[in-house]
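Only a predicted model underlies this, so the values are computations on that prediction, with no experimental measurement involved. Ligands are counted one by one from 1 in listed order, and the atoms in each one are counted from 1 as well.
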Amino acid sequence: MMGLDPLFGDWAYRALTFLVISCPCALVISIPLSFFAGIGGASREGILIKGSNYLETLSKVKTVVFDKTGTITKGVFEVSGVHHSDRDEAEIIEYAAHAECASSHPISRSLVRRYGKEPDRARVKDIEEISGHGVIATVDGVSVAAGNDKLMQRLGVEYIPCGSAGTVIHVALDGQYAGHILISDLEKEDVREALAALREAGVTRTVMLTGDAESAAKQVADRVGIDEYHSGLLPGDKVTIVEKLIKELGGSGRLAFVGDGINDAPVLSRADIGIAMGALGSDAAIEAADVVLMDDDPMKISRAIRISRKCLRIVYQNIVFALAVKLVCLLLGALGLAGMWAAIFADVGVMVLAVLNAMRALDTKRV
Ligand code: ADP
Ligand code: MG
């Protein structure tokens, strides 16, 4: 019988060293942990991220597209006047508020609030809401249409355009023009700072999309200092523009769309990453979005991007660190220069260090 090779013990020892070093637990444990920590840290700030893949996409965002109503503005309209009407202001508001009583659009809610009473739904029939246009309904047997220029054109009603800045709700009663209600919305206080913070976080293009008229869009865009805006859009047009913007990025960055889900849920799901306003936003928005901002604060968009970048940075640090230590130890182990203690360091030691590094992703204060 042949005896064992005198070097057998040596090779067995090296093979075991190799096995221990090559154990991938540092990567397997620290990478998911970094993502969990990132998602956890973000949610503590009121930013809900629905998955680790969205963290990765967020970190590459270069273009941010905003919806106007409810996202850049508060979505709380004040009525500034009723123009070109022979009827009583209160009567026009009463008709409009009743026609709008079933809609969850910020404009509808504001008209109902202005009316001051709970609309009597028994007086309203045949409500039809046409997205990006307005509503048509029968109130007390009178057919009421309330909406923008496009709605009036669609119904073939002659309307008087409004010279004042703001959002205009034309009202037609039984097919006759009955004047318009001028309403205006306020921008959220910190949109300007939020846009500056986005630029600082590496976002190169900011765009506002709205179904509202040019004059109202321009006024808001100028006040908050957004790079560009597109107005008069239907929900479908918003998707077309977002697709064009994604093409213009050419794969070198990602596009985020921020909206409240009212007339923009299709865009929220089409964008590389959809960010919804959680408080004002509709259920459809929260469903369609990848990221939900619980308090509707636009400042949180740049926070989310920064948190995602930090998280990804930690993930890459861990990958490079673990692989580098393991490669060096494998090489030394193969040459017989690294023993079992080095192997244990390359396995458990690196794992512990990588986990400690991953825990930094929880700390969202320093990003
Ligand atoms: P945004 O893009 O600013 O969020 P929308 O797409 O929701 O705005 O609506 C675009 C425009 O369509 C509004 O500015 C308004 O003129 C009209 N509109 C939409 N819904 C209604 C409604 N329920 N009542 C009256 N007008 C409406
Ligand atoms: Mg909207």
Any idea which atoms of ligand 1 are less than 4.0 Å away from a heavy-atom of [X]?
X: Ser103; result: 23 (N)
X: Thr210; result: 1 (P), 2 (O), 3 (O)
X: Asn148; result: 11 (C), 12 (O), 15 (C), 16 (O), 17 (C)
X: Asp67; result: 1 (P), 2 (O), 4 (O)
X: Glu129; result: 23 (N)
X: Ser108; result: 23 (N)

Shortest protein contact, [atom] (heavy atom only):
atom: atom 13 (C) of ligand 1; answer: Ile107 CD1, 3.8 Å
atom: atom 27 (C) of ligand 1; answer: Gly134 CA, 3.5 Å
atom: atom 9 (O) of ligand 1; answer: His105 NE2, 3.6 Å
atom: atom 5 (P) of ligand 1; answer: Asn263 ND2, 3.4 Å

- prompt: If we only count N/O pairs under 3.5 Å, is Gly132 in contact with ligand 1?
  reply: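 Such a contact does occur with ligand 1.
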query: So is there a nitrogen or oxygen of Gly211 less than 3.5 Å from a nitrogen or oxygen in ligand 1?
result: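 Between Gly211 and ligand 1 (N or O atoms, distance only) the closest approach is under 3.5 Å.
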task: Taking all non-hydrogen atoms of both residues into account, name the closest pair between Ala271 and Val242 and its distance.
output: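 Looking at all heavy atoms of both residues, the shortest contact is CA-CG1, 4.3 Å.
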Salt bridge present between [X] and [Y] (N-O < 4.0 angstrom):
X: Arg205; Y: Glu228; answer: yes
X: Asp290; Y: Lys50; answer: no
X: Arg199; Y: Asp227; answer: yes
X: Glu56; Y: Arg254; answer: no

Is it the case that the side chains of [Y] and [X] hold a donor-acceptor pair, with the cut-off being a distance below 3.5 Å and no angle test?
X: His170; Y: Tyr177; result: yes
X: Ser103; Y: Ser108; result: yes
X: Thr167; Y: Asp212; result: yes
X: Tyr115; Y: Glu100; result: no
X: Glu45; Y: Thr364; result: yes

Within-shell test, Lys238 vs ligand 1, heavy atom, strictly < 4.0 Å: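 Heavy atoms of Lys238 do come under 4.0 Å of ligand 1.
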Under 4.0 Å from ligand 1, counting heavy atoms only, is it the side chain of [X], its backbone, both or neither?
X: Ala146; answer: backbone
X: Asp212; answer: both
X: Thr69; answer: both

- request: Assess Asp264: does it contribute an N, O or S atom lying under 2.8 Å from the Mg ion (ligand 2)?
  value: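 Under 2.8 Å: Asp264 has no N, O or S contact with the Mg ion (ligand 2).
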message: With a sphere of 6.0 Å drawn around CD of Glu287, does it hold more than 12 non-hydrogen atoms of other residues, nucleotides or ligands?
response: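 12 or below, so no.
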task: Check whether more than 12 heavy atoms from other residues, nucleotides or ligands sit under 6.0 Å from atom CE of Met299, and answer yes or no.
output: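 Atom CE in Met299 is crowded, with more than 12 foreign heavy atoms closer than 6.0 Å.
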message: Tell me the nearest of Arg109, Glu100, His133, His230 to atom 23 (N) of ligand 1, using heavy-atom distances.
response: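 Answer by nearest heavy atom: Glu100.
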Atom name, Asp67 (N, O or S, nearest to the Mg ion (ligand 2)):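 Nearest N/O/S atom: OD2.
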